[in-house]
**Student:** 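Below is a structure I'd like to ask you about.
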Number of protein chains: 2
Amino acid sequence: MARALAPAQIDVSADLIRAAGVKVTRGRVRVLDALHSARQPLSHAELEARLGDPAEPAMDRVTLYRILDSLVACGLALKAVDTRGVFRFSAAGAQRQHANHVHFRCTDCGGVFCLKAEPPPPPRLPRGFRLNEVAFDLRGTCAGCSLREGA
Amino acid sequence: MARALAPAQIDVSADLIRAAGVKVTRGRVRVLDALHSARQPLSHAELEARLGDPAEPAMDRVTLYRILDSLVACGLALKAVDTRGVFRFSAAGAQRQHANHVHFRCTDCGGVFCLKAEPPPPPRLPRGFRLNEVAFDLRGTCAGCSLREGA
DNA sequence: CCCGCAAATGCAACAAGGTTGCGTTTACAG
DNA sequence: CTGTAAACGCAACCTTGTTGCATTTGCGGG
C-alpha cells in the first residue's frame, strides 16, 4: 500500500500526460502524481499543501488551478463538488472503485460508508437513454451519530 | 399555475414560521414565500434578485444569508450545494415529492429526469444505522444528448 | 397600552475559493 | 538550434459566504 517513491511512478504520470496529448510539465506530473497517491479526492488547498512539502519552488496558486483544469479537460482527472461547495479532484479511474457500490451518507456527520451489498438492477429506461453508472445512495444517521443523539 | 397574489399565501408562510417557534418578520415571510413559489431550489443571488422586484427596501445581503440559515435551522428550508459549488435553498416539503423517486441524471446536459419506477428495497444496514431516505440515481446520457452526440 | 429584552437587521469589513489579463518562460516540433 | 504555441508566475479582481458590532423590532409580560 505504502509504495516507495520510485522514479518509475513519475514516469507513469508523465506517460499518461503525454498520451493525453498535452505538454508534459513538472507541475502537471507532480499534481497528477499527488492525485494518484491520494486515497480521496483532494481540494485545491489540500493539493497546494501537499505540493509545498518538498523543497520545490511551491507552485503558484493560479497555476495549480490551471493544471487541474487541464487535467480535467484531457480526461486525466475528475472534478466534483463536496458538501461545503468546494471543488475536489481525483485521478481518473480512481473513482471507478466506488462506482456501483451502495453508499450510506450520514446526514449528521457527513460521513460516507460503503456497504457490501450490490446495487439492484436498474429499471427499464425510456428509449434513447444510455446508462453509464448507477448510484444507490441511502441517507440517514450513522451508528455513531445515532448514539450521540439518543444520549 | 400563475396564482393570484392573494394575501392568504403570506399568512401561510407566517403561520409556518410562527409554528416553527421563531419570530415572524417581514424578511422571513418574504423569503419563505419566494421559496414556496419557486419550482427549483434557489441560490442566494437568485433570491436577492427576486426580492428586489417590488418597491421593498431590498433586504441586506447578509440578512438574507441569516434568514436562510434560520429557516434551515428550524426545518422550514433545505440547503444543498449545486454542481458549481453554490448553495441552493428550497422550501421544506417541496422536495418530498422527489424523495423515493428513481432519478436519471444526464452527465451531458445536467438535466434530471424522474422515472416512474419504484426504488428497490434498501439492503440490510449495519447495526445502529437509521435510514431516512433512499436515492436511486442513474447517470448517463439522456435521449436528446445521445442524439446530438451520435450526429 | 407601554416596556424591556432577546432576537433580528443593517453596515462594514473580512476570508476563502476561484477567475482574468498580461508579460515571461519553457516544452517540443521542425 | 531555433521559433512558437502552450504553460507559468504575478497581480488584481470577482463571487460566495462569514464575523463583529451598533441599531431596530417582534412580542411576551406588566
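Excluded from the calculations below are hydrogen atoms, water molecules and symmetry mates; all remaining heavy atoms, backbone and side chain alike, are included. We name chains A, B, ... by the order of the sequence lines, and we start the count at 1 in each one.
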**Student:** Is B:Arg61 side chain donor-acceptor paired with the C:dG10 base, going by distance under 3.5 Å alone?
**Tutor:** no

**Student:** Could you pull out all donor-acceptor pairs under 3.5 Å where a side-chain atom in residues 42-49 of chain B meets a protein atom, sequence neighbours excluded?
**Tutor:**
residue	atom	partner	partner atom	Å
B:Ser43	OG	B:Glu46	N	3.2
B:His44	NE2	B:Arg61	O	3.2
B:Glu46	OE1	B:Ser43	N	2.9
B:Glu46	OE1	B:Arg88	NH1	2.9
B:Glu46	OE2	B:Arg88	NH2	3.3

**Student:** What nucleotide, of D:dG17, C:dG10, C:dG17, holds the atom closest to the side chain of B:Thr63?
**Tutor:** C:dG10

**Student:** Rounded off to whole Å, could you give me the CG-to-P distance for the A:Leu47 and C:dG17 pair?
**Tutor:** 13 Å

**Student:** For A:Phe136 and B:Asp137: C-alpha separation, side-chain torsions, deciding distance, then whether side chain to side chain contact (heavy atoms under 4.5 Å, CB included) applies.
**Tutor:** CA-CA 6 Å; A:Phe136 193 24; B:Asp137 273 22; over 6 Å; no

**Student:** Expressed in angstrom and rounded to an integer, what is the separation of B:Leu64 atom CG from D:dT18 atom P?
**Tutor:** 12 Å

**Student:** Rounded to whole angstrom units, what separation is found between the CG atom of B:Asp82 and the C1' atom of D:dG17?
**Tutor:** 14 Å

**Student:** Between B:Thr25 and B:Arg88, just flag the one whose closest nucleotide in DNA chain D comes earlier from the 5' side.
**Tutor:** B:Arg88

**Student:** I want to check one thing: is the phosphate of C:dG17, taken as OP1 and OP2, less than 4.0 Å away from some side-chain N or O of B:Arg84?
**Tutor:** no

**Student:** For the side chain of A:Tyr65, starting at C-beta, report the closest nucleotide among C:dA7, C:dG17, D:dG17.
**Tutor:** C:dG17

**Student:** For the side chain of A:Asp60, starting at C-beta, report the closest nucleotide among D:dT16, D:dC10, C:dA27.
**Tutor:** D:dC10

**Student:** Please compare B:Gly85 and A:Arg66 by the position of their nearest nucleotide in DNA chain D and report the one closer to 5'.
**Tutor:** A:Arg66

**Student:** Let me check something: do B:Val62 and B:Leu51 share a hydrophobic cluster, defined by ILVMFWY side-chain heavy atoms less than 4.5 Å apart, either directly or through other members?
**Tutor:** no

**Student:** Nearest to the side chain of A:Val62, heavy atoms from C-beta on, is which of D:dA7, C:dT20, D:dT16?
**Tutor:** C:dT20

**Student:** Using whole Å, what does the distance between atom P of nucleotide C:dG10 and atom CD of B:Glu48 come to?
**Tutor:** 12 Å

**Student:** Quick one: does B:Arg28's side chain have a donor or acceptor within less than 3.5 Å of a partner on B:Lys23's backbone?
**Tutor:** yes

**Student:** From the list D:dC8, C:dG18, D:dG17, which nucleotide is the closest neighbour of the side chain of A:Ile67?
**Tutor:** D:dC8

**Student:** In whole angstroms, how far is the C1' atom of D:dA7 from the CZ atom of A:Arg18?
**Tutor:** 16 Å

**Student:** Does a side-chain N-to-carboxylate-O contact under 4.0 Å join A:Asp33 and A:Arg30?
**Tutor:** no

**Student:** Contact class for A:Val24 vs. all strands (heavy atom < 4.0 Å): base, sugar-phosphate, or nothing?
**Tutor:** sugar-phosphate

**Student:** C:dT25 P sits how many Å from A:Met59 CE, rounded?
**Tutor:** 19 Å

**Student:** Let me know the distance between CG of B:Leu51 and C1' of C:dG10, rounded to the nearest Å.
**Tutor:** 16 Å

**Student:** Can you tell me the distance, in whole Å, between the CG atom of A:Asp69 and the C1' atom of C:dG18?
**Tutor:** 9 Å

